[in-house]
Amino acid sequence: MAEAHSAVAFSFTVTPDGYDVNINHEALWAVWESGVISWKKRIGRLKNNIRNGVFPASMSSWLFVVTIILGIKLAGADPSFGLIEWIHQHTPGINGASHSFGLYASTMVFGTIVWIVKFLALKYVLKLLLTYHNWMYEVRGKMSLKTKIWFMLIRLYGGRKPLLMSYQASLPKLPVPALKESVDNYLHSVKHLLTEERYKEMEQLADEFCKGVGKKFQRYLILKSWWAANYVSDWWEEYVYLRGRSPIMVNSNYYGVDALLVHNTHVQVARAANLIYAMLQYRREVDREELNPILIQNIVPLCSAQYERQFNTTRIPGIETDQLVHWKESNHISLYHKGRYFKVYIRHKGRLLKPIEIEVMLQKIVDDESVPAEGEEHLAALTAGERIPWAKARTEYFSKGKNKASLDAIEKAAFCVTLDTEPQDYDPDDPTKLDRYGKAMIHGKGYDRWFDKSFTFVVCSNGKIGFNAEHSWADAPIMAHMWEVVVTREHIELGADAPVMAQLWEVIQDEQYKLGYDKDGHCRGTPECQPPNPIRLEWEIPKPCQQVIQSSLQVATALVNDVDLHIMMFREFGKGFVKTCKVSPDAFIQTALQLTYYRLENQFCLTYESSMTRLFREGRTETVRSCTADTCNFVKAVVEGKPKSECIKLLTEAAETHQRLYRDTMTGKGVDRHLFCLYVVSKYLNKDSPFLSKALSEPWKLSTSQTPHQQTDRLDLNKHPDRICGGGGFGPVTDDGYGVSYMVAGEDTLFFHISCKVSCPHTDAHKFGATLKKSLCDMREIFTRD
């Protein structure tokens, strides 16, 4: 292709008349620019590392400290009690200098030492303060004097204008809970779910474990916690995600959808261009650490480590285990359209392309009528099927030549983009449209998303958007944060009234974020240059490889056909009403889920609710075992028609228990990650534990998660309720269970993403949704009826 030839900076040939040298000045300039950009990024990272290294102090504080000490010294006093003079006399290079120079130099050295001691003291005081977690249990009620003082100290020692990674060195390590405490908490969580005989069996196994091999496993785990930054996260990533050999599509990957009530534009390439640009701006903020770290109560920091692999990251298949590979830089994205793959450059002549320029490139792809190469259209089915066939095919057929170069273009891209040929939308008169929308995002056709990529950005033919994200590199709140920021930027730009535009300038204050569309739905502005042409990726896929692709496609198609997905937009009430009940919205919804499951199955089940442990360094998730005995008591009271006052009392008790469990998991007192790590230790030591085997083999028939919302304050949903995002979801964890993701989207709106398997005769996502709606309304009636 012409683009490939123009990439050669120079060439020469030998002729009878001598050497014939051809120099491509444009290519040489591109190489020079690439080097300059790379060095700028390295210098920027170095500056950020220095700033983070001295945080919560600042480099400017060094000048302040040195100046104060020098001023005191020149005034005739000695703040060092003789140390400045000692430094003057014993430091090589200073002791032989003139008295005045030596005085200044030794004072600066002493001032620097004082400053280093200062920032180290600040750092360790902040780290010590962040180990206090009792505030979690008081933040919604009466606050103790101790917690009030703690909040003031956190404000005092928390530093000013932190970068994304500034708090990392000050975050405490995740503690290893006491062995007996975790085992007792486990037994308490299952007592009401097991028969008396089975519970006694588990109790006996637990007692033998605590008195026997459990102590040894615990010692190894404590040793690891001293050495590792987090005693859970590396094993969790390795054994729960990367060593899984089954398909990651549906089973592991998750999805997100657009804001459902607004239509920004129906021009597919324009919507894609604006959002691609917004994501690249977000990537730049992450790279430069300009993205504000998430602070609970605007004070307490959460770990930001997971942001590092959001872009330029791919999961590489292996025979026994996969590998996450992250590249520091990437100047292109990969794009799939009508069975063909393209490499699309995002920078030109030293700058990021504008949205209108990206739109021009994308339009060229849409106008391209070329057909896919043999095997190209279904190529991504390899990433949707079993991992071992994909690993073998990658080694055998994609390790050299055109196939390797093209695969590199996909895997080393900042992220993947798919331009779908079908529209998706929300229609209140046709709920099945929203279900199809969700299915398009969670799996598509099984071959039109690169499921190994950190995320694939999907743009439907009518301009609606969504994403499919791989799970091992990070958890859903990280993707939700990016999704909220980039979609919000676009929404703010589209505001027609002056106050909204004023909000844009207050929040962003930068010309580069001017997105939006003209009256025809195209990106604003005019191209300032002729953007580079998209490069069509070339493939030579032999017949044996095509057979592997088709085999993976069959596996993917079976998975696709087995997904029963229902997205429910619940608008009867939202968190506004729940607050009047003086109950946590999350606890209220979790209780409604238990009531729903009981009404469908006439029994309770072990329930997984995802919580985060990002109050600790490199923390990821923990499990809230939300089917508690108190929740069961409330559900039975509702089903049996007990009086309103008794139901309210039981719901309040269930909610308080749930909130305590949630706070316990957030503060490192969870059960499941501890048991998981003990199990890993047992495998390393080759010593089986009947208790751990039974405890960790119990199925989570109800797996739930709340999608975080409004992690930023860039858009006021009270003023613009139509701009709520629809959230996202995931597949069921067990063959006979449900996966339920929910989002408290506003004062009067809740979203539920309910999934199960078609092949299971006992599960039905739509029936679950209808029953859930009734459960929520019945719970509201408890508080509203006379």
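A donor-acceptor contact shorter than 3.5 Å is absent between the side chain of T591 and the backbone of I589. In this structure, D427 contributes its side chain and D429 its backbone to a donor-acceptor pair below 3.5 Å. Checked by atom type and distance alone, the side chain of H348 never pairs as donor or acceptor with a backbone atom of P532 at under 3.5 Å. With hydrogens and angles ignored, the 3.5 Å screen pairs no side-chain donor or acceptor of D564 with any backbone N or O of C756. In this structure, the side chain of S759 does not engage the main chain of D562 through any donor-acceptor pair within 3.5 Å. Between the S703 side chain and the W700 main chain, no donor and acceptor come within less than 3.5 Å of each other. Using modelled atom types, no side-chain atom of D448 and backbone atom of G444 make a donor-acceptor pair closer than 3.5 Å. Side chain of D258 to main chain of K464: no donor-acceptor pair is present (N/O by atom type, distance under 3.5 Å, no hydrogens or angles). Between the D748 side chain and the G576 main chain, no donor and acceptor come within less than 3.5 Å of each other.
With hydrogens and angles left out, the side-chain atoms of S775 and T596 include a donor and acceptor closer than 3.5 Å. For H266 and N462, the side-chain atoms include no donor-acceptor pair closer than 3.5 Å. Side-chain polar atoms of Q590 and D586 form no donor-acceptor pair below 3.5 angstrom. For the residue pair D368 / H337, no side-chain donor-acceptor distance below 3.5 Å is found, with atom types taken as modelled. With 3.5 Å as the limit, one finds a donor-acceptor pair spanning the side chains of K343 and Y345. For the residue pair H326/E308, the side-chain donor-acceptor check at 3.5 Å is not satisfied. A donor and an acceptor atom, one from each side chain of H263 and D425, are located under 3.5 Å apart. Counted by atom type alone, T421 and S461 present zero donor-acceptor pairs between their side chains at under 3.5 Å.
A 4.5 Å side-chain heavy-atom check between L565 and H443 finds every atom pair outside the cut-off. Looking at heavy atoms from C-beta onward, V563 lies out of side-chain contact with L559 at the 4.5 angstrom threshold. For the pair D735 and C760, the minimum side-chain heavy-atom distance is 4.5 Å or more. Between L553 and K445 the shortest side-chain heavy-atom distance does not fall below 4.5 Å. Side-chain atoms of Y255 and F467, non-hydrogen and from C-beta on, never get closer than 4.5 Å to each other. For the pair S472 and L324, the minimum side-chain heavy-atom distance is below 4.5 Å. Using a 4.5 Å heavy-atom cutoff, the side chains of R347 and L353 are not in contact. In this structure, S330 and R283 have side chains that are in contact, with non-hydrogen atoms separated by less than 4.5 Å.
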Quick one: do R436 and E422 satisfy salt bridge (Lys or Arg N to Asp or Glu O under 4.0 Å)? Show the steps, please. CA-CA 11 Å; R436 290 196 295 271; E422 298 174 356; over 6 Å; no
Derivation of the side-chain contact (heavy atoms from CB on, under 4.5 Å) call for W483 and F457: CA-CA 10 Å; W483 200 240; F457 172 46; 3.9 Å; yes
Pair L295-L302, side-chain contact (heavy atoms from CB on, under 4.5 Å): steps then yes or no: CA-CA 6 Å; L295 303 176; L302 298 183; over 6 Å; no
For R387 and D452: C-alpha separation, side-chain torsions, deciding distance, then whether salt bridge (Lys or Arg N to Asp or Glu O under 4.0 Å) applies. CA-CA 10 Å; R387 303 305 292 173; D452 284 355; 2.9 Å; yes
Show, in sequence, the C-alpha distance, side-chain angles and deciding distance for R614 and E622, and conclude whether the salt bridge (Lys or Arg N to Asp or Glu O under 4.0 Å) test is met. CA-CA 10 Å; R614 288 170 60 202; E622 179 56 278; over 6 Å; no
Let's go through S741 and T707 carefully: what are the C-alpha distance in whole Å and the side-chain angles of both, what is the deciding distance for side-chain hydrogen bond (donor to acceptor under 3.5 Å, both in side chains) to 0.1 Å, and is it a yes or a no? CA-CA 7 Å; S741 175; T707 302; 3.2 Å; yes
Before you tell me yes or no, could you show the steps for I442 and Y254 under side-chain contact (heavy atoms from CB on, under 4.5 Å), namely the whole-Å CA-CA distance, both residues' side-chain angles and the distance that decides it to 0.1 Å? CA-CA 6 Å; I442 192 173; Y254 57 95; over 6 Å; no
Please test S454 against R309 for side-chain hydrogen bond (donor to acceptor under 3.5 Å, both in side chains), starting from the C-alpha separation and ending with a verdict. CA-CA 8 Å; S454 56; R309 298 184 294 186; over 6 Å; no
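Each of W450, W327, Y282, F455 was checked for a ring pair (Phe, Tyr, Trp, His ring centres under 6.0 Å) with F415, and the lone residue meeting it is F455. Of the candidates E470, E411, K453, T314 forms a side chain to side chain donor-acceptor pair (under 3.5 Å) with just one, namely K453.
Taken to the nearest 0.5 Å, the CG atom of L291 stands 9.0 Å off from the CD atom of Q310. Note that the CD atom of E359 and the CD1 atom of I276 stand 10.5 Å from one another [nearest 0.5 Å]. Separation of atoms CD (E376) and OG (S406) is listed at 8.0 Å; rounding is to 0.5 Å. Between the OH atom of Y662 and the CD atom of Q706 there is a distance of 6.0 Å, given to the nearest 0.5 Å. T771 contributes atom OG1, which lies 12.5 Å from atom NE2 of H766 (distance to the nearest 0.5 angstrom). Atom CG of L776 sits about 9.5 Å away from atom CZ of R780, to the nearest 0.5 Å.
Salt bridge status for K354 with E528: present, with a side-chain N to carboxylate O gap under 4.0 Å. Using a 4.0 Å cut-off between charged side-chain N and carboxylate O, D475 and R620 make a salt bridge. The pair R315-D322 meets the salt-bridge criterion, since a charged nitrogen lies less than 4.0 angstrom from a carboxylate oxygen. Ion pairing of E377 with R340 is absent here, as no side-chain N (NZ or NE/NH1/NH2) approaches a carboxylate O to less than 4.0 Å. Residues E329 and K412 are not paired through a salt bridge, judged by the lack of any N-O separation under 4.0 Å between the basic side chain and the carboxylate. A salt bridge between R449 and D420 is present, with a side-chain N of the basic residue lying under 4.0 Å from a carboxylate O of the acidic one. Salt-bridge annotation for K757 and D764: absent, with no side-chain N of the basic residue lying under 4.0 Å from a carboxylate O of the acidic one.
K364 NZ: more than 12 foreign heavy atoms inside a 6.0 Å radius.
Listed by chain and number, the residues in a side chain to side chain contact (heavy atoms under 4.5 Å, CB included) with P428 are Y426 (sequence neighbours excluded).
Using cut-offs of 30° and 60° for the angle between ring planes, the Y742 and F752 rings count as tilted. The aromatic rings of H753 and F751 sit tilted, their planes meeting at an angle between 30° and 60°.
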